[in-house]
Structure formats: structure tokens, C-alpha cells
Amino acid sequence: MISRIDLRGTAFPEGGIDRDLLPRAELDVEAALEKVRPICDDVRHRGTAALIDYAHRFDGVTMERVRVPAEALRRALAELDPAVRAALEESIRRARLVHRDQRRTDHTTQVVPGGTVTERWVPVERVGLYVPGGRSVYPSSVVMNVVPAQEAGVASMAVASPPQAEFGGLPHPTILAACALLGVDEVYAAGGAQAVAMFAYGTEDCRPVSMVTGPGNIWVAAAKRLLKGRIGIDAEAGPTEIAILADATADPVHVAADLISQAEHDPLAASVLVTDSEELAAAVEKELEVQVGATKHVADRIGPALAGRQSGIVLVDGLEQGLAVVDAYAAEHLEIQTENAAAVAARVRNAGAIFVGAYAPVSLGDYAAGSNHVLPTGGCACHSSGLSVQSFLRGIHVVDYTRDALAEIAGHVVTLAEAEDLPAHGAAVKARFDWKVPPSK
């Protein structure tokens with residue numbers, strides 16, 4: 001059901017473990033790029049008509065308009081299961097607590113008397129938030145995208161989610177209800193690359209945005225790569241992944257359940273256990289057989305995900321090597337189920353989010369920990385962060401110098417300009433004075 005990779009006794013060169021030795025899904029975004037390019041170009045030139053055609057072609061729905069009517073949003077919220085509404089409201093409350101504390105404040109530094117640099121934090125003016133659909137319904141992704149954008153102060157936001165034939169060409173009603181609950185009234189029934197193109201280029205119904213965020217499939221990732229520059233993006237999200245660093249103190253029931261929970265997303269989802277305990281590895285393998293046999297989505301998601309090359313049990317010599325492995329893997333979600341888990345977690349450098357101990361499963365973070373579940377995948381956690389308020393803010397430096405403050409540094413500016421063979425740069429400083437610029441002190 002799940003393969004083993006035995007790294008015990010392996011010597012690794014200075015600088016860490018070869019990431020190619022570790023399980024990872026194959027995701028050829030470059031190949032997908034050429035397939036989404038004509039779709040994006042078509043949306044650019046034909047707008048809403050192209051979106052309607054692609055909804056029929058890819059989603060099997062016939063629709064006359066792409067924007068979701070306000071009445072459909074109101075109805076979805078009114079008909080939402082009260083238990084689901086209560087859960088979403090609590091998820092929103094917790095997410096606001098965490099994301100509100102991420103908001104930066106402007107700061108002014110006095111460099112010299114009369115010379116200051118202020119860093120202003122300004123929200124992106126308009127964003128497009130993508131919420132996937134298809135195999136599963138993700139109202140939680142509405143929360144995770146909208147809350148940080150709102151807390152950042154984004155003035156205008158639009159949500160896109162694929163149309164569903166079962167619901168008359170609208171996105172899933174739970175997604176619509178989540179939008180209504182958050183006060184988002186601009187929602188579009190559009191999925192895949194065409195939704196990203198709609199946000200980037202605009203249509204008759206949808207104004208262009210400055211930034212697109214949210215997870216999606218390979219076509220969404222490819223469209224983000226294609227259109228990056230015209231729009232800002234959060235990341236090119238790939239298949240979801242979990243890594244669990246565990247020792248002999250871990251409960252194999254918990255470990256197996258958490259591996260399965262991630263495999264439930266997608267047949268390309270990655271579930272990786274890193275352990276120095278062969279006894280735990282064997283117990284987890286047995287527990288996987290038991291739990292998989294009692295769950296749902298086995299044939300189309302969980303089975304292929306656990307058996308795929310992207311999943312596996314990695315055996316290591318000890319905690320130090322285990323830490324090196326998980327840092328090299330740079331998981332989207334990393335669970336630490338070891339003795340002194342908090343101390344071990346503090347030593348991790350590369351992860352999208354870290355879940356500490358037996359009672360912080362990834363499922364908690366998916367819905368209601370208060371953290372964000374839009375996280376870097378495919379090893380990108382070694383250089384990128386998850387979605388946050390910072391994702392929607394731009395730092396702008398405001399430079400304010402008096403005449404005397406400029407005069408004090410002018411000589412150095414002229415010297416550096418001439419060293420770079422850019423004399424006009426120096427002349428721009430000299431032009432502000434009626435006398436020869438004195439050498440800087």
C-alpha cells in the first residue's frame with residue numbers, strides 16, 4: 001500500500017540530503033503551460049463568451065452568465081445547514097484573531113537630522129481569490145483566502161469557483177454561503193485556467209485584478225505561471241502533501257489516520273512518514289490496512305495516493321537525520337510526533353506549517369486552528385511562506401530629506417554615480433545647489 005525508502009547508514013555530503021531521494025509527485029507545469037496558453041488568450045479576446053464555452057466543454061454545464069446573482073448567494077446562506085454555518089463562523093473567528101495580529105504598521109526611521117525613510121504598508125487594491133471545486137468542496141478555502149485579504153484592507157475582491165452541473169451551473173452552494181457569510185458579493189462561476197485569465201485580463205463582467213491567490217489544479221498553476229507579471233500570485237500550488245516526523249513514542253493509529261487524511265484530497269497527494277523506528281513503521285503499515293478499509297474515497301484517491309511514488313515511509317538513523325530529511329523535503333504540512341515535540345519543531349527550518357504533538361493534526365489547521373491552509377507545496381517551503389496578511393500588502397518607502405540633509409550626503413552620491421559611469425545621476429544632485437558639491441564627511 002505504501003512504499004519504504006531506507007536511508008539508514010547513508011552518508012550525506014555537507015549541505016544536506018539530495019531531495020531527489022525523497023518521495024515527490026511529478027508535476028509538469030511547463031507541459032501544461034502550452035495547453036493553457038490558448039485558453040488564456042481566448043478569454044483575453046472573447047471574455048465572457050469564452051468562459052461560457054469552457055464551462056460547457058470542461059464542466060458540462062450550459063450557462064448564460066458567469067457572475068453569480070446576489071439572490072443565489074443569499075439563498076445559499078439561508079439554506080446552509082446550521083451546524084455547518086456555526087463551524088464556518090468559528091473558523092472565521094479564529095482566522096481573524098491570527099491574521100489581525102499579522103497586520104504591519106508604518107514605521108519611520110530618522111537616518112540623519114532632516115532625513116527620514118518611512119515604510120508604508122499599502123494593501124493591494126483588487127484581488128481575485130480562487131476556490132477549487134470538483135472532487136471536493138472547499139468552503140474552508142473561501143475563509144483562508146478572504147480573511148487575510150480583508151484584514152490587510154483590500155478594498156475590492158472577487159471569488160471564482162468552478163460551475164457545477166448539479167447546481168445549475170453555479171458553484172457549490174456551501175461555497176456561495178461561505179462567500180455570503182464573509183460579505184463577498186462578487187462571485188463567478190469559473191474554474192481552471194480560464195478563471196485565472198478572467199482575473200488577469202478582465203471581461204465584460206469582471207474588472208481585472210492586481211493579484212490572484214488560492215490553490216488549484218495543475219491548469220490553475222500553469223495559468224498563474226503564464227500570467228505572473230501581469231498579475232501577482234501567491235504560489236504555483238501543486239498536489240497537497242504531509243510529512244510526519246515521528247519516533248517510537250508516536251501512536252501508529254494517529255500517524256496512519258493523518259497520512260490517510262491527506263491522501264483523501266487527490267490521487268497525487270503525498271503522504272510521507274519519516275521515522276527512526278522500524279517498529280513504528282511496521283505498526284503504521286498495519287494500521288493503514290485497517291483504516292483504509294473502513295473509509296471512503298479509497299479507489300479514486302486514497303489508494304492511488306498512498307501507493308504512488310509521492311508517498312512513502314522513510315527510515316532514518318535518528319532524530320538528527322530525520323530533521324535533515326524533513327528540512328530537505330520542505331513539506332506543505334509537517335507534523336512532529338516525537339518526544340519533546342515542541343523542542344524538535346523549533347529546530348525545523350523548512351515547512352509551510354508545523355503541527356506540534358499528538359493533538360495538532362493537519363485537519364485542525366485545515367479548518368479551525370486559526371492558521372492559514374493555503375501553503376507552499378513541492379518543496380517551495382524552503383523559500384516561500386503560506387498565505388497571510390503580508391501576501392496582500394506592499395511595502396512602499398517614502399524618502400523625505402531636507403536641503404541640508406541632502407547636502408551632507410551629496411558628495412557620496414556623486415562619487416557613487418561617477419563610479420557607475422552614470423554622471424547624470426550626480427548632476428541631478430548638483431543641480432539642486434548653486435555651489436560645487438562639497439565632499440561628504
Side-chain angles (χ1 to χ4, degrees), residues 92-129 143-157 182-184 209-214 228-235 330 345-354 365 369-376 380-417 419-420 422 425-426 428-429 432-433 437 440-441:
I92 292 167
R93 187 188 72 82
R94 293 183 177 210
R96 287 207 189 282
L97 287 174
V98 172
H99 290 83
R100 189 165 291 154
D101 280 348
Q102 296 172 354
R103 185 67 159 90
R104 294 190 180 184
T105 56
D106 297 354
H107 182 76
T108 298
T109 300
Q110 180 174 296
V111 182
V112 294
T116 64
V117 175
T118 299
E119 186 163 39
R120 288 175 50 210
W121 291 99
V122 182
V124 175
E125 182 179 351
R126 177 167 163 79
V127 300
L129 310 174
V143 176
M144 298 299 172
N145 277 273
V146 171
V147 168
Q150 289 178 334
E151 293 302 324
V154 174
S156 174
M157 64 188 73
L182 285 156
V184 177
V209 304
S210 299
M211 182 179 187
V212 174
T213 71
K228 184 169 62 176
R230 186 178 186 92
I231 51 170
I233 65 170
D234 53 345
R347 298 179 60 193
V348 174
R349 295 183 59 84
N350 300 331
I354 302 173
S371 57
N372 203 292
H373 78 200
V374 182
L375 300 167
C380 291
C382 66
H383 56 73
S384 298
S385 303
L387 198 68
S388 72
V389 167
Q390 307 309 323
S391 305
F392 299 98
L393 294 174
R394 298 160 294 138
I396 300 176
H397 279 181
V398 180
V399 179
D400 188 347
Y401 269 55
T402 64
R403 185 181 191 281
D404 289 345
L406 176 59
E408 182 186 12
I409 194 65
H412 283 325
V413 175
V414 171
T415 296
L416 290 172
E420 294 187 350
L422 297 171
H425 281 59
V429 172
R432 283 158 169 77
F433 302 98
V437 175
S440 297
K441 298 177 182 177

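Every value quoted in this text rests on a predicted model; they were computed, and no experiment measured them.
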Can you find a pair of side-chain heavy atoms, one from Q110 and one from T108, that are under 4.5 Å apart?
-> no
Indicate yes or no for a side-chain donor-acceptor contact from Q102 to the backbone of V389 under 3.5 Å, with no hydrogens or angles considered.
-> yes
Going from OG1 on T415 to CD on E420, what distance comes out if it is rounded to the nearest 0.5 angstrom?
-> 11.5 Å
Looking just at side-chain N and O atoms, do D234 and S391 make a donor-acceptor pair shorter than 3.5 Å?
-> no
How far does CG of L406 sit from OH of Y401, to the nearest 0.5 angstrom?
-> 9.0 Å
Indicate yes or no: at least one non-hydrogen side-chain atom of V398 is less than 4.5 angstrom from one of V117.
-> no
Do V413 and H425 come close enough that some side-chain heavy atom pair is under 4.5 Å?
-> no
For residues V127 and M211, determine if any side-chain heavy atom of one lies less than 4.5 Å from a side-chain heavy atom of the other.
-> yes
Are T116 and V111 side-chain neighbours, meaning at least one heavy-atom pair lies under 4.5 Å?
-> no
Just by distance, with hydrogens left out, do R96 and Q150 show a side-chain donor and acceptor under 3.5 Å apart?
-> yes
For H99, does its backbone N or O pair with a side-chain atom of R103 as donor and acceptor, under 3.5 Å?
-> no
Going by heavy atoms in the side chains, are I396 and E119 under 4.5 Å from each other?
-> no
Measure the spacing between CD1 of I92 and CG of L182 and express it to the nearest 0.5 Å.
-> 4.0 Å
Taking the side chain from N372 and the backbone from M144, do they hold a donor-acceptor pair closer than 3.5 Å?
-> yes
Rounding to 0.5 Å, atoms CG (D404) and CD1 (I409) come to a distance of 13.5 Å
Supply the atom-to-atom distance T105 OG1 to R120 CZ, rounded to the nearest 0.5 angstrom.
-> 13.5 Å
Do L129 and V146 come within less than 4.5 Å of each other through their side chains, counting heavy atoms only?
-> yes
Answer yes or no: are there more than 12 heavy-atom neighbours, outside E125 itself, under 6.0 Å from its atom CD?
-> no
Determine yes or no for a side-chain-to-main-chain donor-acceptor pair under 3.5 angstrom, with R104 supplying the side chain and Q390 the backbone.
-> no
Any side-chain heavy atom of F392 sitting closer than 4.5 Å to one from L387?
-> yes
